[in-house]
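Below is one structure; the comments refer to it alone.
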Amino acid sequence: MRSPWVLRPRSRVGVITSCPHRPVCAPPAPAMALVSINELPESILLEVFTHIPARQLLLRCRPVCSLWRDLIDLVTLWKRKCLREGFITEEWDQPVADWKIFFFLCSLRRNLLRNPCAEEDMKSWQIDCNGGDEWKVESLPGDHGTDFPDSKVKKYFVTSYEMCLKSQLVDLKAEGYWEELLDTVRPEIVVKDWFAARADCGCTYHIRVQLASADYIVLASFEPPPVTVDQWNSAKWTEVSHTFSDYPPGVRHILFQHGGQDTQFWAGWYGPRVTNSSIVIGPKVTGDPARSPAQPEHTQGRERAARLPSSLHLH
């Protein structure tokens with residue numbers, strides 16, 4: 001009788017048995033050669049980098065090796081990323097001084113003022129003066145008013161018979177703009193506002209915009225003389241616009257203030273109406289597009305983007 005304790009060998013992975021007693025080893029699989037990603041064509045690497053978030057490219061990928069650094073500094077890469085994000089079109093022909101900076105400024109580009117069209121009543125606004133019957137929100141076109149040029153704007157803020165002023169203070173670092181970008185590049189800061197009078201009442205409109213340092217020292221200012229609109233006017237909406245450029249380094253805050261009062265001193269809300277205010281920071285487009293050709297993508301086969309320090313000191 002066969003002993004119950006006799007152990008039989010188990011079949012093993014990678015072993016072929018032609019019979020129970022004579023195992024035959026299978027031939028070993030050929031070893032795969034290790035291939036470095038850097039052996040891919042540069043065009044493929046550039047395409048891969050196009051899909052990586054920009055901050056990760058600079059903070060994580062660029063320091064890996066000199067090849068990646070050189071590819072990530074190429075004008076071609078940042079122009080492709082701008083095209084992919086919709087910042088430019090295939091027909092873009094305006095010269096750009098630095099495509100890397102252009103990309104980051106476009107990605108940050110938005111209205112830095114909150115609740116500019118009174119959709120949330122007075123939310124986000126600091127009331128500096130609240131004279132007469134105080135600030136009020138009304139729907140367009142309003143009594144003795146006209147439609148706003150942009151049909152998406154539905155409401156406005158309106159002032160009274162004594163001075164009404166409101167403001168917002170924008171913290172640029174909190175909005176994603178780092179110090180080196182602000183101080184070295186000094187991108188254009190475009191401020192816009194819209195105001196209108198009632199047709200049956202005169203008014204005076206005020207606006208003041210200041211660029212300030214971290215400790216609130218004023219470095220640049222836009223404060224035109226007050227605009228007075230006579231009674232029995234067209235009630236048309238007027239745009240006010242100003243662009244800050246080549247301002248001193250150190251800008252960290254933007255103060256925006258506007259308002260006014262009526263000139264008839266009538267109880268109620270007969271002063272200037274304001275809406276659709278904006279502060280937008282955008283890239284500079286240098287040169288005259290009609291006279292300057294678009295910046296070529298390559299010079300001698302490879303052209304680097306104009307240099308800021310390697311990582312732009314992102315945080």
Side-chain angles (χ1 to χ4, degrees), residues 105 108-131 134-138 148-150 152-160 162-177 179 181-183 186-197 203-229 237-261 271-284:
L105 288 175
L108 289 168
R109 184 183 176 92
R110 65 197 186 280
N111 187 359
L112 298 177
L113 292 178
R114 292 173 169 80
N115 188 28
C117 301
E119 293 295 339
E120 301 176 272
D121 200 59
M122 301 300 298
K123 183 178 179 181
S124 301
W125 291 96
Q126 169 70 39
I127 305 301
D128 302 319
C129 293
N130 215 11
E134 304 181 346
W135 281 97
K136 185 183 179 184
V137 170
E138 295 181 347
F148 193 78
D150 185 347
K152 294 191 294 293
V153 178
K154 305 295 184 182
K155 295 182 179 181
Y156 58 83
F157 305 94
V158 60
T159 59
S160 191
E162 291 180 348
M163 183 60 69
C164 293
L165 295 171
K166 62 184 178 69
S167 64
Q168 286 191 38
L169 182 66
V170 178
D171 183 336
L172 294 176
K173 291 185 69 175
E175 295 293 340
Y177 296 89
E179 293 181 357
L181 181 69
L182 293 169
D183 294 346
R186 282 181 281 176
E188 291 185 340
I189 301 173
V190 180
V191 179
K192 294 184 179 182
D193 196 22
W194 289 82
F195 74 93
C203 68
T204 302
Y205 162 81
H206 295 252
I207 183 173
R208 176 168 62 113
V209 185
Q210 295 177 334
L211 307 186
S213 65
D215 50 359
Y216 305 101
I217 297 173
V218 176
L219 302 176
S221 180
F222 169 65
E223 189 171 4
V227 178
T228 299
V229 181
W237 286 92
T238 300
E239 182 184 44
V240 178
S241 178
H242 179 75
T243 299
F244 290 96
S245 58
D246 299 322
Y247 43 84
V251 172
R252 301 292 180 267
H253 300 94
I254 304 175
L255 171 69
F256 179 96
Q257 184 188 64
H258 66 174
Q261 65 184 93
R273 301 162 171 183
V274 293
T275 194
N276 203 36
S277 313
S278 64
I279 297 174
V280 177
I281 298 180
K284 297 178 183 178

Item checked: Spacing of CG belonging to Leu165 relative to CZ belonging to Arg208, to within rounding of 0.5 Å -> 8.0 Å
Next item on the list: Check the pair Ile254, Leu169 against side-chain contact (heavy atoms from CB on, under 4.5 Å), reporting the backbone distance first and the verdict last.
Entry: CA-CA 6 Å; Ile254 304 175; Leu169 182 66; over 6 Å; no
Check: Out of curiosity, Trp135 CH2 to Asp128 CG, how far, rounded to the nearest 0.5 Å?
Finding: 9.5 Å
Check: Under a 4.5 Å cut-off applied to non-hydrogen side-chain atoms, are Glu175 and Arg110 in contact?
Finding: yes
Next item on the list: List the steps, then state whether salt bridge (Lys or Arg N to Asp or Glu O under 4.0 Å) holds for Asp171 with Lys173.
Entry: CA-CA 6 Å; Asp171 183 336; Lys173 291 185 69 175; over 6 Å; no
Check: To the nearest 0.5 Å, what is the distance between CD (Gln210) and CD (Glu223)?
Finding: 6.5 Å
Margin query: Going by ring pair (Phe, Tyr, Trp, His ring centres under 6.0 Å), name the residues that satisfy it together with Tyr216, two or more places apart in sequence or in a different chain.
Written below: His253
Notebook entry, point to check: Which atoms form the tightest heavy-atom contact between Leu182 and Tyr247, and what is the distance?
Noted result: O-CE1, 4.3 Å
Notebook entry, point to check: What are the two closest non-hydrogen atoms of Cys164 and Ser160, and how far apart are they?
Noted result: SG-N, 3.6 Å
Notebook entry, point to check: Would you say Lys155 and Cys117 make side-chain contact, with heavy atoms under 4.5 Å?
Noted result: no
Notebook entry, point to check: Regarding Lys136 and the six-membered ring of Phe157, is the cationic atom NZ or CZ under 6.0 Å from the ring centre and inside 45° of its axis?
Noted result: no
Check: Under a 4.5 Å cut-off applied to non-hydrogen side-chain atoms, are Leu255 and Val209 in contact?
Finding: no
Notebook entry, point to check: Do His258 and Trp194 pass the ring pair (Phe, Tyr, Trp, His ring centres under 6.0 Å) test, and can you show the C-alpha distance, the side-chain angles, and the key distance before you say yes or no?
Noted result: CA-CA 10 Å; His258 66 174; Trp194 289 82; over 10 Å; no
Check: Is the closest side-chain heavy-atom distance between Asp193 and Glu239 below 4.5 Å?
Finding: no
Check: Can you check whether Ile207 reaches Pro224 side chain to side chain, under 4.5 Å on heavy atoms?
Finding: yes
Margin query: Distance alone, cut at 3.5 Å: any donor-acceptor contact between the side chains of Ser278 and Asn111?
Written below: no
Margin query: Contact between Tyr205 and Val240 at the side-chain level, heavy atoms closer than 4.5 Å - yes or no?
Written below: yes
Next item on the list: Indicate yes or no: does Lys154 engage Glu119 in a salt bridge with an N to O separation below 4.0 Å.
Entry: no
Check: Just how far is it from atom NZ of Lys123 to atom CH2 of Trp125, taken to the nearest 0.5 Å?
Finding: 14.0 Å
Margin query: As a quick check of understanding, evaluate side-chain contact (heavy atoms from CB on, under 4.5 Å) for Tyr156 and Val137, giving each step before the final call.
Written below: CA-CA 6 Å; Tyr156 58 83; Val137 170; over 6 Å; no
Check: Can you tell me how far the OG atom of Ser277 sits from the CZ atom of Arg114, to the nearest 0.5 Å?
Finding: 14.5 Å
Next item on the list: Measure across Gly259 and Pro272 and return the closest heavy-atom pair with its distance rounded to 0.1 Å.
Entry: O-CG, 4.0 Å
Next item on the list: For residues Pro249 and Arg186, determine if any side-chain heavy atom of one lies less than 4.5 Å from a side-chain heavy atom of the other.
Entry: yes
Item checked: Considering all heavy atoms, the nearest Gln168-Ser124 contact -> CG-O, 3.2 Å
Note to self: Test side-chain contact (heavy atoms from CB on, under 4.5 Å) on Val191 and Phe256; report intermediate values, then the result.
What the structure shows: CA-CA 9 Å; Val191 179; Phe256 179 96; 3.7 Å; yes
Note to self: Quick check: closest heavy atoms across Ala197 and Val229, and the distance to 0.1 Å?
What the structure shows: CB-CG1, 3.8 Å
Next item on the list: Of all the heavy-atom pairs spanning Pro226 and His206, show the shortest one and how long it is.
Entry: CG-CE1, 3.4 Å
Item checked: Heavy-atom check, side chain of Phe244 versus side chain of Val251, under 4.5 Å -> no
Margin query: Walk me through whether Leu112 and Ile281 qualify under side-chain contact (heavy atoms from CB on, under 4.5 Å).
Written below: CA-CA 8 Å; Leu112 298 177; Ile281 298 180; 3.9 Å; yes
Checklist line | Straight-line distance of Ile189 CD1 to Thr243 OG1, nearest 0.5 Å | finding: 10.0 Å
